[in-house]
Amino acid sequence: KIMFDVEIKNLKIFANIGITPEERKKKQLLKVTLNFSYSVAKGKDLEVMNNLKDYSKIAKSLKQFIAESSCDTLEKLITSSSHMLAKKFKIKKVKVKINKTAVAKRYGSETVSVSN
């Protein structure tokens, strides 16, 4: 088997997330970084898309999942989106990191992010 590690960095997604109703009122910009691994059996043609993972489909699926999410916390959102991706796309070592840009600005910091 040949292993591949993939990173999709700073995917911009607007979502309603937050503990307080005030925070959940309007969609916030989240920057999401996804890392995952997958393997391809030796001898498989690496020029044939069916033998590989479709990053575009994976990114779209993650965007839609987060945009439609009703999670209050980043921790819950990260756990549920990682689980969904691992199951749906049969990928391993799924790591999701979410940077809440508005909160970072409020704290006067560059980033406030949570990852699994």
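The side-chain contact (heavy atoms from CB on, under 4.5 Å) test with Lys87 is passed by exactly one of Lys90, His83, Met84: His83.
Applying the ring-ring contact (aromatic ring centres under 6.0 Å, His included) test to every pair with at least one member in residues 2-40, sequence neighbours left out, gives these pairs: Phe4-Tyr38. Sequence neighbours left out, the pairs with a member in residues 11-22 that pass salt bridge (charged side-chain N to carboxylate O under 4.0 Å, His left out) are Glu22-Lys25. Contacts classified as salt bridge (charged side-chain N to carboxylate O under 4.0 Å, His left out) and involving residues 32-51 (residues at least two apart or in different chains) are not found.
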Listing, residues 52-60 side-chain donor-acceptor contacts under 3.5 Å, not counting sequence neighbours, or none:
| unit_1 | atom_1 | unit_2 | atom_2 | d |
| --- | --- | --- | --- | --- |
| Lys53 | NZ | Phe89 | O | 2.9 |
| Asp54 | OD1 | Ser56 | N | 3.0 |
| Asp54 | OD1 | Lys57 | N | 3.1 |

Side-chain donor-acceptor contacts of residues 95-105 below 3.5 Å, not counting sequence neighbours, with atom names and distances?
| unit_1 | atom_1 | unit_2 | atom_2 | d |
| --- | --- | --- | --- | --- |
| Asn99 | OD1 | Val112 | N | 3.2 |
| Lys100 | NZ | Glu23 | OE2 | 2.8 |
| Thr101 | OG1 | Leu29 | O | 3.1 |

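Tracing side-chain contacts under 4.5 Å through hydrophobic residues (I, L, V, M, F, W, Y), one reaches Ile91 starting from Leu46; they form part of the same cluster. Follow the hydrophobic side-chain contacts under 4.5 Å out from Val40 and you never reach Val48; the two are in separate clusters.
Taking both residues in full, the closest heavy atoms of Ile78 and Val114 are given as CD1-O, 3.1 Å, listed atom of the first, atom of the second, then distance. For Ala67 against Ala15, the heavy-atom pair with the smallest separation is CA-CB, 4.4 Å.
For the atom pair CG (Asn16) and OG (Ser70), the distance works out to 10.0 Å, reported to the nearest 0.5 Å. Rounding to the nearest 0.5 Å gives a distance of 6.0 Å between SG of Cys71 and NZ of Lys76.
A heavy-atom distance below 4.5 Å is not found between the side chains of Ile8 and Thr33. Taking 4.5 Å as the limit, some side-chain heavy atom of Leu74 sits within range of a side-chain heavy atom of Ile17.
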Working for side-chain contact (heavy atoms from CB on, under 4.5 Å), residues Leu11 and Leu34: CA-CA 8 Å; Leu11 199 57; Leu34 169 66; over 6 Å; no
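Residues satisfying the salt bridge (charged side-chain N to carboxylate O under 4.0 Å, His left out) criterion with Asp72, sequence neighbours excluded, are Arg24.
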